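Sharing a structure below in structure tokens format, with a few things to ask.
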Amino acid sequence: MRRVLAFALLTLAAAVSFAQAPAAPAAASPAPAASTTPQAVIAPVPESPGQSLIEQDESAMSGRAYTYDPAGRRDPFRSLLVREQNRGGAERPPGIAGIAIDDLVVHGIWKTRAGYVAQIRATDNKSYLIRSGDLLYDGEVTRVGPNEVSFRQNLNDPQSVKPFREVTKQLNATVKQ
């Protein structure tokens with residue numbers, strides 16, 4: 001589509017410049033004297049956004065310059081195999097927002113009028129109460145049931161089919177040996 005539009009614009013520009021070009025003087029006729037009549041000055045056409053895109057495409061195709069506008073997408077020239085720096089070195093926010101799903105242990109579940117509430121213990125050896133919909137450091141609480149808590153853990157793995165995984169932690173989990 002861009003090539004067709006670029007071709008149409010180039011054809012139109014060539015036709016306009018050909019129509020405005022002065023005719024070549026005949027070889028036998030003498031050159032006219034310098035005239036004092038002013039020549040018509042062609043005003044530049046204001047540049048439209050489409051025209052600037054076409055010019056960028058033309059300059060890229062000719063090898064003069066290339067610019068990449070990601071427009072919210074990932075950069076296709078960066079390797080998927082190279083991972084970004086681990087967020088573990090960064091300072092985590094305090095409270096529930098700083099607890100990773102792999103780091104918590106379910107210690108109790110209570111039934112209230114609003115639904116179930118789970119008591120968890122984090123690595124800082126403090127207890128917290130969480131409900132369905134609470135956001136954690138690497139995911140969120142999807143469901144709190146009578147004997148289990150379900151989480152949706154966000155994954156930062158480019159080879160994974162889904163960007164998340166479902167994790168369920170039991171209240172009375174026994175360690176299998």
Side-chain angles (χ1 to χ4, degrees), residues 1-7 9 46-177:
M1 178 71 177
R2 287 185 182 173
R3 289 183 182 176
V4 172
L5 183 60
F7 179 73
L9 286 175
E47 190 172 313
S48 67
Q51 181 65 26
S52 66
L53 287 174
I54 291 171
E55 289 175 1
Q56 286 178 357
D57 286 346
E58 290 173 356
S59 66
M61 285 184 220
S62 66
R64 289 182 289 184
Y66 180 73
T67 59
Y68 174 68
D69 179 25
R73 299 178 301 256
R74 70 169 187 83
D75 188 356
F77 303 107
R78 292 187 57 209
S79 173
L80 292 174
L81 300 176
V82 177
R83 295 184 184 212
E84 294 180 15
Q85 294 294 331
N86 190 3
R87 295 189 310 181
E91 190 70 27
R92 288 188 182 184
I96 296 174
I99 301 172
I101 293 172
D102 294 333
D103 297 341
L104 63 86
V105 177
V106 179
H107 275 280
I109 297 178
W110 294 279
K111 183 175 182 178
T112 64
R113 290 182 187 155
Y116 288 99
V117 177
Q119 177 188 2
I120 60 168
R121 185 171 302 268
T123 55
D124 60 357
N125 208 21
K126 292 183 181 178
S127 291
Y128 298 94
L129 297 177
I130 58 172
R131 294 170 178 78
S132 178
D134 285 348
L135 296 177
L136 301 171
Y137 184 68
D138 59 348
E140 68 175 306
V141 182
T142 56
R143 181 178 163 282
V144 179
N147 284 333
E148 65 186 15
V149 182
S150 298
F151 302 94
R152 174 175 279 180
Q153 185 176 24
N154 299 329
L155 299 176
N156 192 13
D157 186 9
Q159 296 177 346
S160 176
V161 176
K162 295 188 295 185
F164 60 87
R165 72 177 178 140
E166 298 292 330
V167 177
T168 302
K169 298 223 177 198
Q170 299 287 327
L171 175 61
N172 296 323
T174 57
V175 179
K176 296 181 182 179
Q177 294 184 16

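Fair warning: this is a prediction, and the values are worked out from it, not measured in the lab.
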Quiz item: Has the side chain of S150 got a donor or acceptor atom that lies under 3.5 Å from a matching backbone atom of T142?
Solution: no

Quiz item: What closest approach, in Å, do G139 and I101 show between heavy atoms, and which atom pair accounts for it?
Solution: CA-CD1, 4.0 Å

Quiz item: Which residues pass the side chain to side chain donor-acceptor pair (under 3.5 Å) test with Y128, sequence neighbours left out?
Solution: D124

Quiz item: When rounded to the nearest 0.5 angstrom, what distance separates CG in L129 from CD1 in I96?
Solution: 7.5 Å

Exercise. For the residue pair Y116 and S132, establish whether any side-chain heavy-atom pair is separated by less than 4.5 Å.
Key: no

Practice problem: Find the distance between CD (Q153) and CZ (R165) and round it off to the nearest 0.5 Å. | Solution: 4.0 Å

Self-check item: Separation between CG of D102 and CG of D138, rounded to the nearest 0.5 Å
Solution: 6.5 Å

Practice problem: With sequence neighbours left out, write down each residue that passes salt bridge (charged side-chain N to carboxylate O under 4.0 Å, His left out) with D103, or none if nothing qualifies. | Solution: R92

Quiz item: Going by an N to O cut-off under 4.0 Å, is there a salt bridge joining E148 and K169?
Solution: no

Quiz prompt | Backbone of R121 reached by a side-chain donor or acceptor of S127 within 3.5 Å | solution = no

Self-check item: OG1-CZ distance between T168 and R143, expressed to the nearest 0.5 angstrom
Solution: 8.5 Å

Exercise. Any chance you could measure F151, atom CZ, to I120, atom CD1, to the nearest 0.5 Å?
Key: 6.0 Å

Quiz item: Between L135 and E140, what is the shortest heavy-atom contact and its length?
Solution: CD2-CB, 3.6 Å

Practice problem: For a side chain to side chain contact (heavy atoms under 4.5 Å, CB included) with I130, tell me which candidate from V117, I99, V149, V106 qualifies. | Solution: V149

